[in-house]
Number of protein chains: 4
Amino acid sequence: MAIDESIIKKELERRRFCHLPILNPRCEDEEFQILSGVKDGFTEGTPVAIVVWNKRAISDYYGELWMRPRPGHADLAYYLKFGRFYDHRGGGRASGRETVARIVAGAIAKAVLKQTIGVEVSSHLVELGGVAISREDYTFEDVVKSWEKPPLPMVDNEAMKRAIDVLISAAKDGGDSIGGIGEVLTTEVPPGGLGEPVFDKLKADLAKAVMSIGSAVGVEFGLGFRLARMRGSEANDQIVLRDGKPRLETNRIGGTLGGMSIGEPIRFRIAFKPTPSIRKPQRTVDLEKMVETTITFRGRYDVSTAPKAILAAEAMTAIVLVDHAIRAGLIPRVIKR
Amino acid sequence: MAIDESIIKKELERRRFCHLPILNPRCEDEEFQILSGVKDGFTEGTPVAIVVWNKRAISDYYGELWMRPRPGHADLAYYLKFGRFYDHRGGGRASGRETVARIVAGAIAKAVLKQTIGVEVSSHLVELGGVAISREDYTFEDVVKSWEKPPLPMVDNEAMKRAIDVLISAAKDGGDSIGGIGEVLTTEVPPGGLGEPVFDKLKADLAKAVMSIGSAVGVEFGLGFRLARMRGSEANDQIVLRDGKPRLETNRIGGTLGGMSIGEPIRFRIAFKPTPSIRKPQRTVDLEKMVETTITFRGRYDVSTAPKAILAAEAMTAIVLVDHAIRAGLIPRVIKR
Amino acid sequence: MAIDESIIKKELERRRFCHLPILNPRCEDEEFQILSGVKDGFTEGTPVAIVVWNKRAISDYYGELWMRPRPGHADLAYYLKFGRFYDHRGGGRASGRETVARIVAGAIAKAVLKQTIGVEVSSHLVELGGVAISREDYTFEDVVKSWEKPPLPMVDNEAMKRAIDVLISAAKDGGDSIGGIGEVLTTEVPPGGLGEPVFDKLKADLAKAVMSIGSAVGVEFGLGFRLARMRGSEANDQIVLRDGKPRLETNRIGGTLGGMSIGEPIRFRIAFKPTPSIRKPQRTVDLEKMVETTITFRGRYDVSTAPKAILAAEAMTAIVLVDHAIRAGLIPRVIKR
Amino acid sequence: MAIDESIIKKELERRRFCHLPILNPRCEDEEFQILSGVKDGFTEGTPVAIVVWNKRAISDYYGELWMRPRPGHADLAYYLKFGRFYDHRGGGRASGRETVARIVAGAIAKAVLKQTIGVEVSSHLVELGGVAISREDYTFEDVVKSWEKPPLPMVDNEAMKRAIDVLISAAKDGGDSIGGIGEVLTTEVPPGGLGEPVFDKLKADLAKAVMSIGSAVGVEFGLGFRLARMRGSEANDQIVLRDGKPRLETNRIGGTLGGMSIGEPIRFRIAFKPTPSIRKPQRTVDLEKMVETTITFRGRYDVSTAPKAILAAEAMTAIVLVDHAIRAGLIPRVIKR
């Protein structure tokens, strides 16, 4: 297939949030290099390898954090599993920057989906710092457009403004952070195609994919937890004829039944915890001396990682959909020309 | 290892709910047969295969449902993916009965965990039909005991009584159904052991495992969606010394950091939608004639499948923990005697 | 797809060799039961589970072999890996009978190949007890027919008679055993379809599949070891036009290039060692007392397992081809009707 | 673990064969870069990524070969599977240079084996261009030393000289090529550890690993095809006591029984076909015009690729042994310090 560097650049650009320095003090401009798999602008059927070089120098600052795990961060887990040989600088593999790789792969997956089965994937924030959008009537196009009017991808301007206030006030309050809830949604996914009936249900594979993002703490499909409080007669999406095809009248369930896509858009929400690196003093243990102590993080940090995390979730969704579309035979493994 | 048929029987017994016929009109007594892998009461290191025979005759009744997919059920998805060759009787592979196999495997996984790394797994309902328990101070033992005083595994008697009322009133209201929320929790899981740092994070694999249960529509770890509304300073579990070891002061995160276990109990919640098979008239499409029609389910049904589903989630959790404990080298692949 | 019990029975019948009791003193008549996945003679898209019941009683005789590993047999390896909990009766999982399961699965794989991409698979013996067939001009049909004229599947009658003499004389010589070489071959396999370019080369997956058979000690594709002694100008199959398509003039390479099928038949040979269970006294170690000792096997045995083993290799080949045909998109994962 | 760039350099150096320009006219000096996973000379428990940069410019020459597949080469297979978008330059992914990556990974695997379970792996040529070594009494040390006295790794000097003559004469004869047979062997592998009892037998995984090398056309364990011509009483390795342990008196079987290692060295042989790229005119098809034609390769070529291929086989063996040692719990997944 045709692969253009611009599709990767576009996704990386969405991740920069330079309009809102509080979200990305670094405003990183990513430089990447395609090592293999693309020749004259077309994939060759061989694995595509891309390196995103890490230009930003590692701050000397991190020395203070050595063997003093930050609360809420993965430092402690790495120490417990790998011992002294963990990379605490910038969080090592648990760094939020790790999602850059997901977004690059997702850019290609999104292109594959669009060029083959015509499915598009997007995402937005439905809640940030406790401020929720107040609309439920938004369309896929509204969601796509929410990225065009910076700084935050929210389909409700009023909520967006209040969310920015919350971000600023958390930052001012001694360098605190906030969490958020994002939603991934797609256009209509081919009926009866994606997802396996038992363990590799589409909702199961999507849940795993997004829960592999560091800050994700919850996921719900369609109305999710709200469905658990409804009666069957309220929750069941009635089956109707639309354009001669059996379709759901509503899509409370989020686009799958029995683990398989049914011609409806996929939609699900992910809860992201607040950034664990905050500038307030926190209690920890000095692992060398095995005594309790206090640390105060002084590095640059994102007041909320939710805006970047939802992009990673969007990317992971595209990757899972490509995988299942191949398994379902909807995307050929090889496109011969 | 020693494997006793009684551990399997015990788990199947928990699933029967015969004290509350509204939950299990069939009150099935399961008969199983160990085909391979166990000799003289010990496993041999070879795969253990067990068949649970399906004694219950398929009701003639199901004929009415042929090519008339039940709203909320997997029928439509099977038709869209597999065409006319799907098994609509009792739901085929999408039947709630499919979880019996998970529970049998989970019984063995639970025995493995207990005999090797000393970890126990249990579960309970924290909400049923919108009635939530009002305690947060329950212990692992409280949860285990909630199964000993039937009919519902809830650690709050008052809530349990109201939940039963809701079940009965939904059933009376024309055969409606209700959903619920369950929680799986464990005793302390070895620190730094279970879970891989990037894609196979423990929380990701657990999310996939429980989202593969038919009625699961959401999952959240620790405080989950509530964490998304907190500030970092409220959400971060402080690190303290306890018995000379670095531990979390609280466990809001649910037992993992960076995708890995850290010595704390694992805890997470799962939302289950209401049983889709209800006796109220529902709209559907006759797939032979491609016209809209109405169906009314007349078979036996469980007013809520959440109590059985949370057992399946508990079983899946044990299976995932065994897998990761083997990967981490905490459980040897072979125990030589 | 249509699945008929008769296709399984037919393959099991080929394995009986009742015409030559020296090869199968037990002349087992296998009884099998389809547990799942087939409804009204058609597969449902769900996994097909089949049990072949083991009717033959375990001989008391095996007690003598407990903790006295038979030379050439897997007993020693099981003891070293699993300790005292290995099943020595009849060889446990290392028994030649284990290949029954492969043959049952292969029967279905062969039906799938024939019904979808029109590929057939067969096999024969090219050497037994050192007696080789003297023809190279046999066709696929000759090979298929070699199974119709018992007792041995060889395309050279003269060689077959001498091979039977060798079998009889080995048996008479104190209960000795012999090895053999078999060949698996197919009709033309779709060009450019099966096999991945690097690690999952078709020849690599086939080699693994047949080397997983207990008695297999070697495998060679096309002319195999003979190719290693040729010059490039002799070994390279020239590329010619046939029926308007690029084809190999000869097929010395055995049907793949770069790990992928190219429109030619697949052909490869497998060396099988002699049956390790012989009736001659052999040296071993008593693992309880840790002293050297001698054992003499007195149970029933097959003077050569090669005839059954080549059937297992044929079955494994069909299974690998189905897997790769699915991966290549040549066989849909789901056939909707 | 400690990882030193020198261990990688050493293996790449063995692959150069600069003493014998006929084998490697390019005498490539490889430049590699460790991208991730190593910090201060120690692995971090994270994946190690290494890039070997391809410095050699692609010759313009290859234009002639476009759509004219070389006999014996993978060109035809790539065209048939991927269509016009295959990379014919230097053979693309089917290039012999692809084994460089295997050798780099193998260097690390060899270090892991040595540092953990004390197993060493080496290899040599037992036959080249039909000239076989005439000794069977060589030790592991003899094999290791065969690499120290260039130019060919053969334990029989006389045979080596004749093999060089054969190489030279093939090259002179219009640019022909020759094949060879190599052997991989190890020191004693822990008993009862490596290999799974049924499908992932050690011999099966090793067979797949080495058959994934482009020029490999056959593999045999221990005496291999010779075993198929022996009687059981000749082939069975008798079990004796040595140093108080049950051991094989001989090791005709090549180091495994029932698919598992038994404390003996692993040894097996691989047949490599002659280099397909020769300078003699060969018949092929012009795929654009679909007419038969003739091509004559004019690029640099290795008169035999067997010496490089056996190194790749040695590397693949080390990788498979590490994998199985981890699965057997003999190598921990994480070494904590």
Side-chain angles (χ1 to χ4, degrees), chain A residues 69 71-72 74 76-78 80-81 93-94 130 170 176-181 191-192 197-199 201 203-204 207-208 211-212 217-221 224-225 227-233 235-241 246 257-258 260 262 271-276 278 280 282-285 292, chain B residues 69 71-72 74 76-78 80-81 93-94 130 170 176-181 191-192 197-199 201 203-204 207-208 211-212 217-221 224-225 227-233 235-241 246 257-258 260 262 271-276 278 280 282-285 292:
Chain A
L76 178 62
Y78 275 87
L80 290 170
K81 180 150 189 166
R93 275 206 294 171
D176 214 335
S177 65
I178 63 174
I181 300 174
V198 184
F199 296 112
K201 288 188 163 88
K203 64 176 179 167
K208 172 168 180 177
M211 287 302 297
S212 77
V217 288
V219 59
E220 58 176 2
F221 284 78
F225 280 82
L227 286 172
R229 289 159 190 141
M230 290 179 177
R231 287 201 172 177
S233 56
N236 286 344
D237 296 300
Q238 302 298 299
I239 301 170
V240 297
L241 267 186
L257 283 171
M260 295 169 272
I262 45 175
F272 300 108
K273 65 176 183 176
T275 321
I278 56 175
K280 294 196 160 184
Q282 297 192 88
R283 297 171 61 195
T284 188
V285 167
E292 296 193 344
Chain B
L76 178 63
Y78 275 86
L80 290 170
K81 182 149 189 165
R93 275 206 295 172
D176 214 335
S177 65
I178 62 175
I181 299 174
V198 185
F199 295 112
K201 287 187 164 89
K203 64 177 178 167
K208 173 168 179 176
M211 286 302 296
S212 77
V217 289
V219 58
E220 58 177 3
F221 283 79
F225 280 82
L227 286 173
R229 287 159 191 141
M230 290 180 176
R231 287 201 172 177
S233 56
N236 286 343
D237 296 300
Q238 302 299 299
I239 300 170
V240 297
L241 266 187
L257 283 172
M260 294 169 274
I262 46 175
F272 300 108
K273 65 175 184 177
T275 320
I278 56 174
K280 295 195 160 184
Q282 297 191 90
R283 296 171 61 195
T284 188
V285 167
E292 297 194 343

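A, B, ... follow the sequence lines: proteins, then strands. Residue 1 opens every chain. These numbers were taken from a predicted model, which means no experiment stands behind them.
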Undergrad: Measuring heavy-atom distances to chain B, does A:A235 have an atom under 4.5 Å in its side chain, in its backbone, in both, or in neither?
TA: side chain
Undergrad: What part of A:F199 gets closer than 4.5 Å to chain B, counting heavy atoms only: side chain, backbone, both or neither?
TA: both
Undergrad: Under 4.5 Å from any heavy atom of chain B, what part of A:T284 do you find: side chain, backbone, both or neither?
TA: both
Undergrad: Heavy-atom pairs under 4.5 Å with chain A: which of B:S212, B:G224, B:A170 has the most?
TA: B:S212
Undergrad: Between B:Q282 and A:I239, does a side chain to side chain contact (heavy atoms under 4.5 Å, CB included) hold up when you go through it step by step?
TA: CA-CA 8 Å; B:Q282 297 191 90; A:I239 301 170; over 6 Å; no
Undergrad: Taking atom CZ of A:R283 and atom CG of B:N236, what is their separation to the nearest 0.5 Å?
TA: 13.0 Å
Undergrad: Counting only non-hydrogen atoms closer than 4.5 Å, does A:K280 touch chain B with its backbone (N, CA, C, O), its side chain (CB onward), both, or neither?
TA: side chain
Undergrad: Below 4.5 Å, heavy-atom pairs only: which of B:V240, B:I278, B:T275 has the largest tally toward chain A?
TA: B:V240
Undergrad: Working to the nearest 0.5 Å, report the span between CD of B:E220 and CD of A:E220.
TA: 8.5 Å
Undergrad: So which part of A:D237 gets closer than 4.5 Å to some heavy atom of chain B, the side chain, the backbone, both or neither?
TA: backbone
Undergrad: For chain A, find which of B:G180, B:A207, B:S233 contributes the most heavy-atom pairs closer than 4.5 angstrom.
TA: B:S233
Undergrad: Kindly give the heavy-atom pair with the smallest separation between B:F225 and A:V219, and that separation in Å.
TA: CE1-N, 3.8 Å
Undergrad: Would the distance check show the side chain of A:E292 and the main-chain N or O of B:L241 forming a donor-acceptor pair, the cut-off being under 3.5 Å?
TA: yes
Undergrad: Chain A: which of B:R229, B:R231, B:K273 shares the most heavy-atom pairs with it under 4.5 Å?
TA: B:R231
Undergrad: What's the shortest heavy-atom distance between A:L227 and B:P274, and which atoms?
TA: O-CD, 3.3 Å
Undergrad: For the interface with chain B, which of A:G258, A:G218, A:G179, A:G232 has the highest count of heavy-atom pairs at distances below 4.5 Å?
TA: A:G232
Undergrad: What's the shortest heavy-atom distance between A:A228 and B:I181, and which atoms?
TA: CB-CG1, 3.8 Å
Undergrad: Go through the atoms of A:K201 and report whether side chain, backbone, both or neither lie under 4.5 Å from a heavy atom of chain B.
TA: side chain
Undergrad: Nearest 0.5 Å, please: how far is CD1 in A:I262 from NZ in B:K81?
TA: 13.0 Å
Undergrad: I'd like to verify something: which residue of A:A204, A:G130, A:P276, A:P246 has the highest number of heavy-atom pairs under 4.5 Å with chain B?
TA: A:A204
